[in-house]
There are 2 protein chains.
Amino acid sequence: MNAPVRNPKSAAGTRSDSVYAGLRRAIIEQALMPGDKLTEDVIGERFGVSRTIVRTVLARLHAEGLVDMQPNKGATIAQPSLSEAQDVFEARMCLERQVLVRLAERVTDDDIERLQKHVHLETKASEHDGPAAIRLAGEFHILLASLSGNSVLARYVDEVVSRCSLILALYSRPHSSDCSINEHQQIIDALRAGNSQAAIDAMDHHLKAVTDRALLSSTSDKHRDIRSILDRYAS
Amino acid sequence: MNAPVRNPKSAAGTRSDSVYAGLRRAIIEQALMPGDKLTEDVIGERFGVSRTIVRTVLARLHAEGLVDMQPNKGATIAQPSLSEAQDVFEARMCLERQVLVRLAERVTDDDIERLQKHVHLETKASEHDGPAAIRLAGEFHILLASLSGNSVLARYVDEVVSRCSLILALYSRPHSSDCSINEHQQIIDALRAGNSQAAIDAMDHHLKAVTDRALLSSTSDKHRDIRSILDRYAS
DNA sequence: CTCATAGTTTTTGTATACAATCTCGCATAC
DNA sequence: GTATGCGAGATTGTATACAAAAACTATGAG
């Protein structure tokens with residue numbers, strides 16, 4: 001039923017990793033929308049694991065701010081309030097600035113090339129694959145953070161970027177990526193030139209543009225059936 | 001066996017919260033030392049809960065970087081490498097600066113008073129209660145972050161400060177608090193005067209002093225028996 | 001028609017059972 | 001004496017069982 005994936009990545013559980021990855025991707029790509037109910041049985045059934053595993057995964061996603069949990073009422077995709085959203089953006093700005101400060105003084109040609117390659121990927125995906133484009137836009141920032149060489153910074157950036165996907169799903173037009181690829185290119189160019197201040201300015205401008213897109217749209221339907229969606233992410 | 005604590009705090013589980021709090025405090029106060037084995041059965045027995053609960057708690061502590069987990073080998077109190085330690089300190093510096101930037105422009109007299117009260121607590125504890133002094137020193141920074149009004153910042157500061165306790169346990173003299181109370185007072189004074197730059201400078205100096213205390217001492221014994229320690233934290 | 005209510009079904013919280021894996025001691029060979 | 005296997009016991013990974021709580025449905029009163 002499920003491929004015997006061996007992902008010797010990091011955490012405790014072993015089988016939970018694939019469920020975690022799938023669910024997370026579904027959220028990031030905005031296939032699952034804020035407010036959607038995450039029933040343990042449903043997820044377990046679709047991914048071919050028991051509730052024990054699902055529960056671990058949901059707790060993890062909750063810790064990252066991607067799902068809300070209420071005692072005795074279960075889990076839903078998080079619906080950050082406007083104030084939470086602002087907090088996330090401010091923290092993100094602070095963290096990504098530090099990433100650029102580090103990168104400016106230690107980025108290698110190899111790093112630049114990887115970044116450039118990623119932007120090409122983004123460009124390609126932007127033309128036909130909506131969901132992947134959203135994910136890739138975020139992953140550019142995650143790649144930056146990971147290249148910075150500070151694992152703590154990398155983890156936190158990963159988290160805030162993911163939460164931003166959620167925020168955009170809530171407050172912006174549906175399926176909008178949170179990044180114009182052009183601005184990513186500007187950051188790379190500034191880094192290549194060794195101009196840390198320009199890179200930071202570009203990032204500031206970039207994130208400010210994203211923040212301003214808060215326009216409050218639909219709060220989603222009552223009880224969507226997530227079964228068919230999960231199937232696409234249970235690979 | 002266990003007090004029926006009702007802690008309607010935040011997360012998913014209900015009973016797990018008290019185990020989480022107890023275990024966390026034991027780590028912060030350096031009663032449990034880096035490397036100590038955290039056997040699920042032992043913890044469950046001491047806290048009067050099943051392994052299911054313990055497992056949730058350990059996963060949560062792992063996500064926060066306080067415990068290491070290896071597949072099929074279980075959990076131990078985290079032993080951050082020197083490089084991880086540096087990453088934590090750098091992230092902490094970055095986050096706490098932002099906290100002060102925010103505080104400088106919105107701190108109230110009431111906030112100042114709470115901070116001042118906390119430092120008094122620290123002073124009192126420093127004279128007789130070693131473990132509590134360590135915890136209170138960290139909690140000063142957590143209080144600062146929570147007063148900043150940014151929940152994301154607050155959560156991350158909480159995390160890095162906790163990890164710093166661990167780092168100090170590993171690399172500094174045993175039972176040393178990571179803060180001289182005097183420096184906390186300087187930060188309060190700067191905030192009271194509305195001098196944000198002075199506050200940030202004081203914080204920079206403060207954290208730099210902490211960072212420099214990395215001196216690498218003992219890596220702890222092979223297999224300590226944590227049972228008696230847990231009893232003190234299973235209240 | 002709206003509201004309240006009782007009973008049924010669904011879903012969550014927790015404990016426990018069982019298999020897979022690891023640890024450690026002990027015997028044996030070299 | 002050191003190293004190599006082997007086996008008993010301990011520990012973890014996962015599924016399942018069961019009780020408590022919530023959600024839903026349908027019925028009846030006003």
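Below, read A as the first sequence line, B as the second, and so on, with proteins coming before strands; counting in each chain starts at 1. Hydrogens, waters and symmetry mates are skipped; everything else that's a heavy atom, side chains included, is used.
Across the protein-nucleic acid pair, A:F47 atom CZ and D:dT14 atom C1' stand 17 Å apart, rounded to whole Å. Distance, A:H62 NE2 to C:dT12 P: 15 Å, rounded to whole Å. Protein atom CD of A:E40 is 14 Å distant from nucleotide atom C1' of D:dT16, rounded to whole Å. Rounded to whole angstrom, the span from the CD atom of A:E45 across to the P atom of C:dT12 amounts to 13 Å. When rounded to the nearest whole Å, the span between CD1 of B:I53 and P of C:dT16 equals 11 Å. Regarding B:I43, its CD1 atom lies at a distance of 12 Å from the P atom of D:dT11, rounded to whole Å. We find that CZ of A:R51 is positioned 14 Å from P of D:dC18, with the value rounded to whole Å. In this structure, B:M69 places its CE atom 8 Å from P of D:dT12, rounding to the nearest Å.
A:R227 pairs by the salt bridge (Lys or Arg N to Asp or Glu O under 4.0 Å) definition with A:D225, not counting sequence neighbours. Looking at residues two or more places apart in sequence or on another chain, you find a side-chain contact (heavy atoms from CB on, under 4.5 Å) between B:R97 and B:M93, B:I200, B:D204. Contacts of A:A154 classified as side-chain contact (heavy atoms from CB on, under 4.5 Å), with partners at least two apart in sequence or in another chain: A:A145. Residues satisfying the side-chain contact (heavy atoms from CB on, under 4.5 Å) test with A:E84, not counting sequence neighbours, are A:P80, A:S81, A:R163. The side-chain contact (heavy atoms from CB on, under 4.5 Å) search around A:R51 returns A:E40, A:D41, A:R55, not counting sequence neighbours.
Two rings, from B:H184 and B:H141, have their centers less than 6.0 Å apart.
Of all heavy-atom pairs between A:K37 and A:I226, the closest is O-CD1, 3.5 Å.
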Might you list the N or O atoms of the protein lying below 3.5 Å from N or O atoms in nucleotides 19-23 of chain D, with each pair's distance?
unit_1 : atom_1 : unit_2 : atom_2 : d
D:dA23 : OP1    : A:K73  : NZ     : 3.4

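Residue B:K37 places none of its side-chain N or O atoms closer than 4.0 Å to OP1 or OP2 of D:dA10.
Taking only side-chain atoms of B:T39, from C-beta outward, the nucleotide of D:dA15, D:dT11, C:dT12 with the closest atom is D:dT11.
Looking at heavy-atom distances under 4.0 Å, A:T52 makes contact with a base.
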